[in-house]
Amino acid sequence: MRIAVLTGPERFEIAEVPPPEIRPDEVLVRVRACGVCTSELAAWSGEQPSDYPRHLGHEVSGTVAAVGSDVESFAVGDPVGVWVTSHGFAEYVAAKAVHCRPAGDVPLDEALAEPLACAVNAVEEADVRLGDDVVLIGAGFMGNLVQKLVRLRGVRHLIVADTRPDALERATALGATRVVDVRTESLADVVGQLTGGRGADVTFECTGGQAALDVVGDVTRMSGTVVLVGFHQGAPRAINLGHWNWMAFGIINAHYRDIDTIMRGVTVGMRLLASGVLSLRELVTHRFAPDDIGAAFRAARDKPAGFVKATVVFD
């Protein structure tokens with residue numbers, strides 16, 4: 001089978017290797033698509049020190065090609081969303097059957113269970129309630145997923161902030177009640193006006209950058225909830241801890257490592273997707289062949305106009 005191997009900074013090679021052997025509790029999945037995650041960019045660029053070779057890829061969907069002797073929940077040919085931690089940019093991947101969920105009739109290049117699980121768990125843990133005022137900073141792929149899920153909770157105001165006009169246009173199309181271009185408007189002023197000076201009940205930080213952390217404390221109400229969805233890698237971040245402390249914010253780190261929590265998010269997300277309650281159709285915007293995986297990572301870094309999500313698609 002073909003697999004993309006990261007052999008150095010910004011350098012992928014396509015290798016030919018045998019398909020992985022599966023254990024009794026595993027399935028062999030023929031990969032249809034694997035999303036490029038922002039969290040992988042530092043490893044790809046060399047910003048994050050790394051030992052090579054590396055096998056990236058954890059946002060996998062595909063069809064079951066073989067089942068282990070103990071597996072009764074899936075059959076060959078079943079479409080699935082898969083949770084794995086690596087080796088996803090390959091024609092085949094081995095996964096525990098309990099880490100797969102049915103994809104139903106959803107197009108497989110949109111059945112990205114892992115990022116969907118992250119967004120589901122963030123919204124669930126935040127306990128967004130009917131009539132809440134919500135601020136969402138960052139209208140990229142993860143921000144869009146969170147926005148879609150928050151809308152299902154029946155909030156009053158859903159205020160989305162970003163710096164990119166195309167991202168703000170998309171947020172409006174996805175149902176934001178107000179968008180804010182933070183290059184020209186004060187997010188804190190807008191939130192204050194819309195909430196009568198109270199602030200947001202819940203603020204989702206979906207950028208992974210310092211600039212968003214600088215404003216989170218100015219837009220969230222006393223005893224409100226701050227949810228860190230963005231992946232903060234690289235240089236250390238700073239917050240005004242004295243202010244956050246005084247404001248008694250509840251802080252949720254939406255990066256879960258507990259397998260049961262992750263799989264609960266996968267289950268809920270795939271149910272929503274397979275039932276048609278949720279769709280990623282307009283969010284998976286850029287598709288690349290395995291030989292063009294480097295271009296997929298460059299698109300994820302550079303975010304050309306109209307970009308939301310890059311996937312590597314296997315025929």
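Keep in mind that what you see is a predicted model, and the values were worked out from it rather than measured. One-based numbering along the sequence shown.
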May I have the step-by-step check of side-chain contact (heavy atoms from CB on, under 4.5 Å) for Arg32 and Val313, ending in yes or no? CA-CA 6 Å; Arg32 169 58 178 167; Val313 179; 3.4 Å; yes
Can you tell if the side chain of [X] reaches within under 4.5 Å of the side chain of [Y], non-hydrogen atoms only?
X: Leu6; Y: Tyr52; result: yes
X: Leu273; Y: Leu116; result: yes
X: Lys303; Y: Val308; result: no
X: Val80; Y: Pro102; result: no
X: Val17; Y: Met1; result: yes
X: Cys34; Y: His58; result: no
X: His255; Y: Phe231; result: yes
X: Leu149; Y: Val120; result: yes

Before accepting this row, confirm whether a basic side-chain N of the pair [X]/[Y] lies closer than 4.0 Å to the acidic partner's carboxylate O.
X: Lys309; Y: Glu59; answer: yes
X: Arg153; Y: Asp132; answer: no
X: Glu185; Y: Arg178; answer: yes
X: Asp166; Y: Arg164; answer: no
X: Arg2; Y: Glu91; answer: yes
X: Arg298; Y: Glu10; answer: no

Under a 3.5 Å distance rule, please check whether [X] uses its side chain to pair with a backbone N or O of [Y] as donor and acceptor.
X: Asp201; Y: Asp133; value: yes
X: Glu40; Y: Leu56; value: no
X: Ser45; Y: Ala42; value: yes
X: Ser50; Y: Gly46; value: no
X: Asp292; Y: Ala295; value: no
X: Arg11; Y: Thr7; value: yes

Could you go step by step and tell me if Thr311 and His286 meet the side-chain contact (heavy atoms from CB on, under 4.5 Å) rule? CA-CA 6 Å; Thr311 56; His286 289 61; over 6 Å; no
Can [Y] be reached from [X] by stepping across I, L, V, M, F, W or Y side chains whose heavy atoms are under 4.5 Å apart?
X: Leu130; Y: Leu158; answer: no
X: Leu112; Y: Val268; answer: yes
X: Val146; Y: Leu272; answer: yes
X: Trp244; Y: Val135; answer: yes
X: Val160; Y: Val155; answer: yes

Taking the six-membered ring for Trp and the full ring for Phe, Tyr or His, determine whether the centres of Phe89 and His55 are under 6.0 Å apart.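 Ring-ring flag for Phe89/His55: false, centres at least 6.0 Å apart.
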From [atom1] ([X]) to [atom2] ([Y]), nearest 0.5 Å:
X: Leu194; Y: Ile159; atom1: CG; atom2: CD1; value: 4.5 Å
X: Glu110; Y: Ser61; atom1: CD; atom2: OG; value: 9.5 Å
X: Asp78; Y: Arg101; atom1: CG; atom2: CZ; value: 13.5 Å
X: Tyr256; Y: Ile262; atom1: OH; atom2: CD1; value: 10.5 Å
X: Thr220; Y: Met247; atom1: OG1; atom2: CE; value: 7.5 Å
X: Leu278; Y: Met270; atom1: CG; atom2: CE; value: 10.5 Å

State, to 0.1 Å, how close [X] and [Y] come at their nearest heavy-atom pair, and which atoms those are.
X: Val5; Y: Pro53; answer: CG1-CB, 3.4 Å
X: Val312; Y: Ala296; answer: CG2-CB, 4.2 Å
X: Ser86; Y: Val93; answer: O-CG2, 4.4 Å
X: Ala95; Y: Val84; answer: CB-CG1, 3.9 Å
X: Phe204; Y: Ala126; answer: CZ-CB, 3.9 Å
X: Ala94; Y: Ile22; answer: CB-CG2, 3.9 Å

Will you find, in the side chains of [X] and [Y], an N or O donor that is under 3.5 Å from an N or O acceptor?
X: Arg170; Y: Asn144; value: yes
X: Thr63; Y: Arg30; value: no
X: Asp189; Y: Gln193; value: no

Plane angle bin for Phe297 and Trp44 - parallel if under 30°, tilted between 30 and 60°, otherwise perpendicular: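 Judged by the thresholds at 30° and 60°, the geometry between Trp44 and Phe297 is tilted.
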Residue [X] excluded, over 12 heavy atoms near [atom1] under 6.0 Å:
X: Arg287; atom1: CZ; answer: yes
X: Asp105; atom1: CG; answer: no
X: Arg129; atom1: CZ; answer: no
X: Arg183; atom1: CZ; answer: yes

Residues Glu205, Arg237; criterion salt bridge (Lys or Arg N to Asp or Glu O under 4.0 Å); working and verdict: CA-CA 13 Å; Glu205 188 286 303; Arg237 303 292 191 261; over 6 Å; no
Output, in order, the C-alpha distance, side-chain angles, deciding distance and verdict of side-chain contact (heavy atoms from CB on, under 4.5 Å) for Arg264 and Glu124. CA-CA 10 Å; Arg264 183 185 182 282; Glu124 291 278 84; 3.0 Å; yes
Output, in order, the C-alpha distance, side-chain angles, deciding distance and verdict of side-chain contact (heavy atoms from CB on, under 4.5 Å) for Leu152 and Val277. CA-CA 9 Å; Leu152 297 177; Val277 174; 4.1 Å; yes
Using side-chain contact (heavy atoms from CB on, under 4.5 Å) as the criterion, point out the one residue from Val229, Val180, Val182, Thr207 that pairs with Ile137.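 Considering Val229, Val180, Val182, Thr207, a side-chain contact (heavy atoms from CB on, under 4.5 Å) with Ile137 is found only for Thr207.
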